[in-house]
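Residue numbers start from 1 in every chain, and the chains themselves are labelled A, B, ... in the order their sequence lines are given, proteins ahead of strands.
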Number of protein chains: 2
Amino acid sequence: MARRAKRGRKRPYHHGRLRQALLDASLEIIAELGVSGLSLREAARRAGVSHTAPKRHFATATDLYCAVAEDAYRRLRAHLLARLAERPAATALEAFGSLGVAYVEFAVTHPEHFRAMFHPGVGDRPASHPLEEAAGAAFAVLVEAVERAQAAGDVRSGPSKDIALGAWSLMHGLAVLAVDRQLVARGFTSGEPLALARQLTQLLYLGLRPGPS
Amino acid sequence: MARRAKRGRKRPYHHGRLRQALLDASLEIIAELGVSGLSLREAARRAGVSHTAPKRHFATATDLYCAVAEDAYRRLRAHLLARLAERPAATALEAFGSLGVAYVEFAVTHPEHFRAMFHPGVGDRPASHPLEEAAGAAFAVLVEAVERAQAAGDVRSGPSKDIALGAWSLMHGLAVLAVDRQLVARGFTSGEPLALARQLTQLLYLGLRPGPS
DNA sequence: CCTACCGATCGGTAGG
DNA sequence: CCTACCGATCGGTAGG
């Protein structure tokens, strides 16, 4: 305010643009240093603003990475829906299976988003928190796919949420192990998580199919 | 050295005892603050020594939590073997399934150990690292159980490591989701991870059983 | 949204 | 294994 003459200079992050710039910077940080390297100051630094500037958008560092995680859940949901829409002619069972592969695909192609979503402490917000709502919306995509597969007679009956949890656990486990490099450490040098995901889809098909057992 | 008169006072962590005291302190820290709260100084503080004392045992904070993780892998392996030995009369298939439940059981009863093992960056050591050897030994327990189940005709043939990975992914996914409170966040308030683990064992049994498909 | 400040914590070194 | 130090980083506040 003191020197209004400076008013004409370029201000890269006017208005609401800083928020997005901070989210972008956060992903960059997570990719380079991991979630533990994320701080308000570092994000501000990369966004080219002073370290107090983020305060108006994110009161604490936790708020920042919750926002990153929330955005990640929205992207995950969009990715899953896009994969479903890609092959609309597929059977309900194939659609269900493709969701699992798409989940792993998202994790390995966007490890920063994936790490943000499942960093310890992030999944501990009240249910009303936007982050939890975004997470719930993503999970709902899976539950609905299970119900369609059940309606088509491809998957055994029973609580759709419980069955969805089985599929989620399987693909989440694989995704986590892949992103944390546990797969290569255990000698899965073929290391193609997507191929493994497709393989595990068969386990789901057999394990969840209807009929006597 | 200056005041030898002090030599008679109690020195709680002589010789090799400091190392164990630091490991104990680390678990305490992880339980309270998470892995991100782990530092050489905080561990030293809780062990009652100066902040330079840990240096002789652990050069860096990474070395410290790698040691915690290595110890955790040994405990996990011992836990799995103990559960196997508990019911030696069980079929090879039941033994295999009980491993999955035991894995989740370990995770939820020792979340600090579990978090240490799978903290991002921990699973990134060279194969020669003791941590990786301990991790490999734990995974081997599962692979061997798969092979026994295959030999008994309870599980379909094929690379035992790939099949073990399926079981691992499934139970690891459930364990991670439980420990990170994702289960309760998704409305699994029944929230009994062990019951869910037993349920998912059925998915494994069906998905991995031999025969035409 | 910025420039000073502050107190706290961390890893690291010197020297004993 | 300890007591001083150090430089760096972080979150936070004052004041504009």
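Using the six-membered ring where Trp is involved, His110(A) and Phe106(A) have ring planes that are tilted, between 30° and 60° apart.
Within the structure, a side-chain polar atom (N or O) of Lys55(B) is placed less than 4.0 Å from OP1 or OP2 of dG12(C).
Atoms OH (Tyr65(B)) and P (dC10(C)) sit 15 Å apart, rounded to a whole Å. Rounded to an integer number of Å, the gap from Arg56(B) CZ to dG11(C) P is 19 Å. A straight line from CG of Leu33(B) to P of dA8(C) spans 18 Å, rounded to a whole angstrom. Per the geometry, CD1 belonging to Ile29(B) stands 13 Å off C1' belonging to dT9(C), to the nearest Å. The distance from atom CG of Leu40(B) to atom P of dC2(D) is 14 Å, rounded to the nearest whole Å. Atom pair Arg45(A):CZ and dC1(C):P shows a separation of 17 Å (rounding to whole Å applied). A straight line from NE2 of His57(B) to P of dC2(D) spans 10 Å, rounded to a whole angstrom. The nearest whole Å value for the distance from the CG atom in Leu64(A) to the C1' atom in dG12(D) is 16 Å.
A donor-acceptor contact closer than 3.5 angstrom links the side chains of Glu105(B) and His79(B). A donor-acceptor contact closer than 3.5 angstrom is absent between the side chains of His119(B) and Tyr65(B).
One finds a salt bridge joining Glu86(B) and Arg83(B) here, because a Lys/Arg side-chain nitrogen approaches an Asp/Glu carboxylate oxygen to under 4.0 Å. Using a cutoff of 4.0 Å between basic side-chain nitrogens and carboxylate oxygens, Arg87(B) and Glu94(B) are not scored as salt-bridged. Between Lys161(B) and Glu147(B), no side-chain nitrogen of the basic residue sits less than 4.0 Å from a carboxylate oxygen of the acidic one, so the salt-bridge criterion is not met.
Ala59(B) comes within contact range of the sugar-phosphate backbone alone, with a heavy-atom separation under 4.0 Å but no base atom that close. Nucleic acid contact class of Ser39(A) (heavy atoms, under 4.0 Å, all strands): sugar-phosphate only.
Here the nucleotide nearest the side chain of Thr52(B), chosen from dC1(D), dT13(C), dC2(C), is dT13(C). Closest approach to the Glu42(B) side chain among dA14(C), dG11(D), dC10(C) is made by dC10(C) (side chain taken as heavy atoms from C-beta onward). Of the candidates dC10(D), dC1(D), dG12(C), dG12(C) carries the atom nearest the His51(B) side chain, counting heavy atoms from C-beta on. Comparing dG11(D), dC2(D), dT13(D) by their closest approach to the side chain of Arg41(A) singles out dG11(D).
Within a 6.0 Å sphere centred on CZ of Arg77(B), other residues, nucleotides and ligands contribute 12 heavy atoms or fewer.
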- line: DNA chain D in dot-bracket form (Watson-Crick or G-U pairs under 3.5 Å, [ ] crossing, | inter-strand) is ||||||||||||||||
